Amino acid sequence: MVHHWLVKSEPSAYAWEDLVKDGKTAWTGVRNFQARNNLRAMKKGDLVLFYQSVSAPSVRGITQVVKEAYQDGTAHEGDWSCVDLKSVRNLPTPVTLAEIKADPKLAEMALIKQSRLSVMPVTREEYKRILELAGMN
DNA sequence: GCCAACGTTGGC
DNA sequence: GCCAACGTTGGC
């Protein structure tokens, strides 16, 4: 059973274009318990939306979990995890935060309800709706 | 650049 | 255990 997720990144830290170029990356640096627990719940093959925060906030692409949670080597103290994500495809049209907020079907998204959470589950319906808005039918 | 919302820390 | 102070995130 494939589950769906959304991760955030500021383009100044790690942009969607960086992941497209790299192909794959270790999703390190998460230092929030709830976000960490979400990372740990990810399974290989799960699909993860890449959301760009702060600058032109929008969902930019689709990624996939290629390695499940393991020790985040960038953490010098504490019990933190990361996963490996690979880029799967670029969204033909990014789905902006404004569009998401304006869409009744997406009103319950954690992205809206818990604006500071950086790794969150997305329902199957929400995932499908985002792809629709991105022009992928 | 500003500021609201939120998570964490630490004094009591 | 409460809550004020503080730091960070992220929208605008």
Side-chain angles (χ1 to χ4, degrees):
Chain A
M1 173 80 184
V2 172
H3 287 91
H4 302 91
W5 307 90
L6 179 147
V7 295
K8 289 183 186 172
S9 184
E10 287 191 42
S12 61
Y14 193 78
W16 171 242
E17 289 75 15
D18 295 325
L19 183 49
V20 169
K21 177 163 54 71
D22 296 344
K24 174 183 139 171
T25 194
W27 204 258
T28 56
V30 169
R31 299 292 182 268
N32 167 282
F33 290 110
Q34 199 181 348
R36 182 202 69 182
N37 293 341
N38 287 331
L39 281 180
R40 288 180 178 177
M42 289 182 181
K43 296 295 179 193
K44 192 172 175 180
D46 282 358
L47 294 164
V48 183
L49 296 171
F50 187 109
Y51 176 85
Q52 167 173 307
S53 66
V54 179
S55 166
S58 52
V59 179
R60 302 295 307 279
I62 303 172
T63 77
Q64 192 168 32
V65 178
V66 288
K67 185 176 178 186
E68 295 179 11
Y70 59 100
Q71 176 66 37
D72 180 348
T74 69
H76 299 300
E77 58 178 21
D79 179 21
W80 302 108
S81 298
C82 62
V83 298
D84 286 355
L85 298 177
K86 72 168 180 182
S87 61
V88 171
R89 70 164 298 176
N90 189 56
L91 295 192
T93 310
V95 181
T96 66
L97 178 62
E99 289 177 273
I100 292 170
K101 281 186 167 173
D103 193 315
K105 289 182 181 168
L106 300 175
E108 295 304 314
M109 279 190 80
L111 186 69
I112 311 297
K113 297 264 168 175
Q114 263 182 284
S115 62
R116 295 187 49 190
L117 187 60
S118 63
V119 182
M120 68 194 75
V122 171
T123 68
R124 191 178 144 72
E125 290 70 28
E126 289 162 350
Y127 184 85
K128 283 173 62 180
R129 182 60 181 152
I130 297 276
L131 297 200
E132 261 179 42
L133 293 175
M136 295 173 61
N137 292 312

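Predicted, not measured: the structure shown is a model, and the values here were computed from it. Proteins get letters first, then strands, A, B, ... in listed order; numbering begins at 1 in each.
- A:Arg40 and A:Ser81 share a donor-acceptor pair across their side chains, judged by distance under 3.5 Å alone.
- Side-chain contact of A:Trp5 with A:Asn38: a donor-acceptor pair under 3.5 Å is absent, judged by distance alone.
- Ion pairing of A:Lys44 with A:Asp84 is absent here, as no side-chain N (NZ or NE/NH1/NH2) approaches a carboxylate O to less than 4.0 Å.
- A salt bridge links A:Arg129 to A:Glu132: one of the charged nitrogens lies within less than 4.0 Å of a carboxylate oxygen.
- For DNA chain C, the outermost nucleotides in 5' to 3' order that have an atom under 4.0 Å from a heavy atom of chain A are C:dG7 to C:dC12.
- Two residues, A:Val54 and A:Ser115, neighbour DNA chain B, and the one matched to the more 5' nucleotide by heavy-atom proximity is A:Val54.
- For A:Trp27 and A:Phe50, the distance between ring centers is under 6.0 angstrom.
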